Amino acid sequence: MDSAEYERKIASRFAAFDQDGNGFIDREDFSGAAARLLAEFSTTPRCDKGQALYSGAEAFWQGMAGIADVDGDQRVSRQEFVTGAVKRLRDNPQRFAEIARPFLRAVIAVADNDGQGVTTGAVERVLTVLGVAPGLAAEASRALDSDGDGRIREDEILAAFAAYYVTPEHP
Ligand SMILES: [Ca+2]
Ligand SMILES: [Ca+2]
Ligand SMILES: [Ca+2]
């Protein structure tokens with residue numbers, strides 16, 4: 001991978017977290033994503049699933065801040081993301097899965113409307129709400145369903161999520 005490609009990947013991962021595009025990853029990016037996901041799946045914030053999603057989003061933010069907010073100003077700059085998050089997540093991908101797990105589990109609960117597992121269609125909706133381009137979202141959700149039964153398991157989602165955000169070696 002050359003430098004330009006590496007920079008592009010970092011930029012796209014930062015943009016994925018910086019949901020409101022204000023140039024920083026902060027608590028509002030996570031709580032805003034939770035709110036939009038609840039609206040998409042017609043779920044009230046007050047119910048158990050809604051509360052689990054908000055607390056998962058908060059835990060995800062706290063985990064991100066813990067590894068990347070070096071100056072403690074409650075937001076993660078692009079520089080902090082590159083030097084802090086990317087390096088630490090690459091050194092310890094498992095740690096990333098741990099901080100993301102409560103949020104992802106809560107998203108799955110919200111998106112799984114029949115309790116039979118999340119459908120590829122529901123995952124596509126989740127990804128679209130999170131800002132993934134529609135064509136890519138469809139492609140990614142199909143790729144996640146490795147056995148082709150139309151449902152996606154939690155461990156498949158966690159593995160793919162970690163793989164996506166853990167950046168390859170710097171050239
Ligand atoms: Ca932001
Ligand atoms: Ca900071
Ligand atoms: Ca499957």
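Everything numeric in this text was worked out from a predicted model, so none of it was measured. Start at 1 and go down the list; that is how both ligands and their atoms are numbered.
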Using side-chain heavy atoms (C-beta onward) and a distance below 4.5 Å, is [X] in contact with [Y]?
| X | Y | value |
| --- | --- | --- |
| Leu37 | Leu130 | yes |
| Phe30 | Ile25 | yes |
| Glu28 | Gln19 | no |
| Thr119 | Arg151 | yes |
| Leu53 | Phe41 | no |
| Leu38 | Thr44 | no |

Three-point angle Asp147:OD1, the Ca ion (ligand 3), Asp149:OD1, rounded to the nearest 10° =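 An angle of 90° at the metal.
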message = Let me check your reading of the structure: within less than 3.0 Å of the Ca ion (ligand 1), is there an N/O/S atom from Gln19?
response =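 No, since none of the N, O or S atoms of Gln19 sits under 3.0 Å from the Ca ion (ligand 1).
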inquiry  = Quick check on the Ca ion (ligand 1): does Asp29 put an N/O/S atom closer than 3.0 Å to it?
reply    =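 Checking the Ca ion (ligand 1) against Asp29, an N, O or S atom does fall under 3.0 Å.
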query = Between the Ca ion (ligand 3) and Arg151, is there an N, O or S atom separated by less than 3.0 Å?
reply =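 Yes, Arg151 qualifies, because one of its backbone or side-chain N, O or S atoms lies under 3.0 Å.
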ask   = Has Glu156 got an N/O/S atom less than 3.0 Å from the Ca ion (ligand 3)?
value =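 Short answer: no, not a single N, O or S atom is under the cut-off.
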task = For the pair Phe14 and Phe81, name the ring-plane relationship: parallel under 30°, tilted 30 to 60°, perpendicular over 60°.
result =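 The rings of Phe14 and Phe81 stand perpendicular, inter-plane angle above 60°.
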query = In degrees, rounded to 10 degrees, what angle do Arg75 atom O and Glu80 atom OE2 make at the Ca ion (ligand 2)?
reply =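 It rounds to 130°.
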inquiry  = If you round to 10 degrees, what value do you get for the angle at the Ca ion (ligand 2) between Asp71 atom OD1 and Asp69 atom OD1?
reply    =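 Answer comes to 80°, rounded to 10°.
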request  = Could you tell me which N, O or S atom of Asp145 is nearest to the Ca ion (ligand 3)?
outcome  =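 Among the N, O or S atoms of Asp145, the one closest to the Ca ion (ligand 3) is OD1.
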task = Check the surroundings of atom CG in Asp71: do more than 12 heavy atoms from other residues, nucleotides or ligands lie under 6.0 Å from it?
result =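 Above 12, so yes.
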query = Looking at the Ca ion (ligand 2), is one of the N, O or S atoms of Phe24 less than 3.0 Å from it?
reply =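 No - counting backbone and side chain alike, Phe24 has no N, O or S atom under 3.0 Å.
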message = From the N, O or S atoms in Asp73, identify the one nearest to the Ca ion (ligand 2).
response =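 The Ca ion (ligand 2) is closest to the Asp73 atom OD1, counting only N, O or S.
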inquiry  = With carbon and hydrogen excluded and only N/O/S kept, which atom of Asp20 is nearest the Ca ion (ligand 1)?
reply    =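 This residue's closest N, O or S atom turns out to be OD1.
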task = Find, among atoms of Asp18 that are N, O or S, the one nearest to the Ca ion (ligand 1), and state its name.
result =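 The atom in question is OD1.
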